[in-house]
Amino acid sequence: MHSDEAAHIRVSGNGSDDQPLFSAEGALKNIAFGSFAGMVSEIFEYPFDLAKVRLQSQMLSSMSTTQLRFNGPMDCLKQTWREEGIRGLYRGLPVPIIGSMAETAALFVAYSSFQNVIRAYSPGGRDTDENGHPIPLSIPQLAAAAAGAGFATSFILTPIELVKCKMQVQMMNMPPPPAHAYRRSVSAIIPPIRHTTNAAFTMASTTARPPGALAIVRSTIQNYGFRGLWLGHTGTLLRETGGTAAWFSVKELIAVTLRNRRMKASESPSRYGAGTTELLPWESAFAGAISGGACVLAFYPADTVKSAMQTEDELRAPRSVSSPPVSQKPLSRSFAGTFMRMYSAYGLRGLYAGCGMTVARAVPSSGIVFVVYDGLSAWLG
């Protein structure tokens with residue numbers, strides 16, 4: 001195969017009308033830009049994501065009690081800070097950093113590829129403007145491309161989020177150590193690791209170190225097989241398919257509106273960026289911020305059910321580390337069953353636990369993603 005054919009998967013056509021469905025160079029750029037954007041965003045938002053997961057998870061763990069552990073987002077953050085310190089707020093951070101980099105990169109690669117497919121098989125999809133640039137897709141077409149990207153990415157994301165969520169709630173089922181313990185050196189507060197074979201990973205003694213990411217993966221596979229890594233996938237699929245469609249389409253709609261409005265004022269040369277067709281940084285930030293809120297609100301209950309399913313094992317009553325393993329199966333492994341249990345116990349309010357804080361952190365976080373991605377794309381081509 002010739003080198004140009006190896007670099008592109010092309011659509012059959014006439015002469016110069018051939019358009020690449022997949023470009024290796026474009027994919028590498030999307031991976032690099034998307035990974036960096038996802039990493040920057042994750043570091044900023046992680047403590048808020050941890051609080052969101054804990055608020056969602058307590059909806060199932062507190063059904064046997066009369067009172068929820070956390071009264072709201074700020075109470076969750078304050079309790080975590082008081083009982084676990086700064087390490088608690090960033091518990092399990094390496095996993096979501098890797099996951100966010102993989103998710104964002106995969107989303108942008110898939111989104112670009114689905115756009116190329118839609119262009120290839122839509123009437124006039126390969127037409128260009130007077131400058132030789134492809135005619136932009138319509139908002140419904142962009143939403144379809146984004147939905148396809150979210151659907152594909154959900155299969156990568158579910159195992160990563162399973163591990164992340166389990167690590168984020170580990171300390172909720174363990175008696176908190178004294179606050180001053182977190183000021184001591186690491187060697188003084190972390191004793192030798194003691195592993196258990198119980199899927200719940202719960203320990204009665206605070207002298208045991210919570211299992212790490214590899215231990216969680218290993219135990220999940222031992223107890224539930226490889227399919228166990230995709231526990232809660234229905235929720236991830238719904239959230240990513242619908243949420244990603246809302247994320248990209250709303251961002252593009254607002255960005256196009258802002259750019260067209262600016263272009264109409266291009267007669268004023270004194271205005272910064274009035275004549276450029278590239279998005280200005282503030283336009284990317286504003287469009288991305290609004291789209292982030294829309295993405296969260298679109299399918300938030302699906303994310304709540306997913307998080308509760310993935311953390312149910314961790315939040316059961318603790319047992320002694322030395323006691324023999326007990327076979328424990330969740331009350332319901334189905335998405336619909338968990339949804340009905342949560343709705344029956346707490347109603348619609350329970351399904352939106354932590355939503356306000358999630359929207360509040362998604363707004364700046366999404367703005368950061370698009371500023372970084374659009375900026376790198378414009379700068380490095």
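These numbers come from the heavy atoms of this one structure, side chains and all, not from hydrogens, waters or symmetry mates.
Summarising the geometry of S334 relative to G337, their closest heavy-atom pair is OG-N, 2.9 Å, with the distance given to 0.1 Å. Across every non-hydrogen atom of L238 and A302, the tightest pair is CB-CB, 4.1 Å. The two residues S366 and G288 make their nearest non-hydrogen contact at OG-O, 2.6 Å. S307 and V53 get closest at one heavy-atom pair: OG-CG2, 4.5 Å. What you find for I135 and R119 is that their closest heavy atoms are O-NE, 3.8 Å.
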Which donor-acceptor pairs under 3.5 Å do the side chains of residues 143-157 make with protein atoms, sequence neighbours left out?
{"from": "T153", "atom 1": "OG1", "to": "A149", "atom 2": "O", "distance (Å)": "2.7"}
{"from": "S154", "atom 1": "OG", "to": "F151", "atom 2": "O", "distance (Å)": "2.7"}

* Asked: Given L142 and I139, is the side-chain contact (heavy atoms from CB on, under 4.5 Å) satisfied, shown in steps?
  -> CA-CA 5 Å; L142 291 173; I139 295 300; 4.1 Å; yes
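Partners of A213 by side-chain contact (heavy atoms from CB on, under 4.5 Å), not counting sequence neighbours, listed by chain and number: V95, V163, M167. Qualifying side chain to side chain donor-acceptor pair (under 3.5 Å) partners for T257, counting only residues two or more places apart in sequence or in other chains: none. Applying the ring-ring contact (aromatic ring centres under 6.0 Å, His included) test to F299 and every residue at least two apart in sequence or in another chain returns nothing. Considering only residues two or more places apart in sequence or on other chains, L77 meets the side-chain contact (heavy atoms from CB on, under 4.5 Å) condition with F48, A51, M74, L89, M357. Checked against side chain to side chain donor-acceptor pair (under 3.5 Å), S284 has the following partners two or more places apart in sequence or in another chain: D374. For Q79, the side chain to side chain donor-acceptor pair (under 3.5 Å) partners are D75, not counting sequence neighbours. Applying the side chain to side chain donor-acceptor pair (under 3.5 Å) rule to T158 yields the partners H233, T236; only residues at least two apart in sequence or on another chain are considered. Partners of E283 according to the salt bridge (charged side-chain N to carboxylate O under 4.0 Å, His left out) rule, which considers only residues two or more places apart in sequence or in another chain, are R262. Under the ring-ring contact (aromatic ring centres under 6.0 Å, His included) criterion, Y111 pairs with F248, not counting sequence neighbours. Taking F339 as the reference, nothing meets the ring-ring contact (aromatic ring centres under 6.0 Å, His included) condition, with sequence neighbours excluded.
Distance alone, capped at 3.5 Å, is enough to place a donor-acceptor pair between the S122 side chain and the I118 backbone. In this structure a side-chain-to-backbone donor-acceptor pair under 3.5 Å is missing from T311 to S57. Side-chain N or O atoms of R54 include none that pairs as donor or acceptor with a backbone N or O of C76 at under 3.5 Å.
Two different hydrophobic clusters hold F114 and L137 under the rule that ILVMFWY side chains link at heavy-atom gaps under 4.5 Å. Under a hydrophobic-cluster definition in which Ile, Leu, Val, Met, Phe, Trp and Tyr are linked whenever side-chain heavy atoms come within less than 4.5 Å, directly or via other members, V256 and V250 are assigned to different clusters. Taken together through direct or relayed side-chain contacts under 4.5 Å among Ile, Leu, Val, Met, Phe, Trp and Tyr, L348 and V296 form part of one hydrophobic cluster. Hydrophobic clustering, with ILVMFWY side chains joined whenever heavy atoms are under 4.5 angstrom apart, keeps L214 apart from W230.
Between I368 and V371 the shortest side-chain heavy-atom distance does not fall below 4.5 Å. Using a 4.5 Å heavy-atom threshold, the side chains of L231 and Y224 count as separate. The side-chain heavy atoms of C355 and L297, taken from C-beta on, include a pair separated by under 4.5 Å. At least one side-chain heavy atom of W247 sits less than 4.5 Å from a side-chain heavy atom of L107. The shortest side-chain heavy-atom distance between F370 and S291 falls under the 4.5 Å cut-off. Using a 4.5 Å cut-off on side-chain heavy atoms (C-beta onward), R341 and Y346 make no contact. Two residues are said to be in side-chain contact when any heavy atoms from C-beta on lie closer than 4.5 Å; K306 and C165 meet this criterion.
A side-chain hydrogen bond (donor to acceptor under 3.5 Å, both in side chains) with R239 is found for exactly one of T234, T304, D303, namely D303.
No side-chain N or O of Y352 forms a donor-acceptor pair with one of Q56 less than 3.5 Å apart. Using a 3.5 Å distance cut-off with no hydrogens or angles, the side chains of S138 and Q141 do pair a donor with an acceptor.
For K166 and E161, the salt-bridge test fails: no basic side-chain N is under 4.0 Å from an acidic carboxylate O.
Distance CZ/R227 to OG1/T220: 14.5 Å, rounded to 0.5 Å. Rounding to the nearest 0.5 Å places CG of N71 at 9.5 Å from CG of L55. Taking CZ of F335 as the reference point, atom CG of L237 lies at 10.0 Å (rounded to 0.5 Å). Atom CD of residue Q310 and atom CD of residue Q168 lie 10.5 Å apart, to the nearest 0.5 angstrom.
Residues in residues 349-368 take part in these salt bridge (Lys or Arg N to Asp or Glu O under 4.0 Å) pairs, two or more places apart or across chains: E45-R361, D49-R361.
Counting heavy atoms of neighbouring residues, nucleotides and ligands inside a 6.0 Å radius, atom OH of Y300 exceeds 12 of them.
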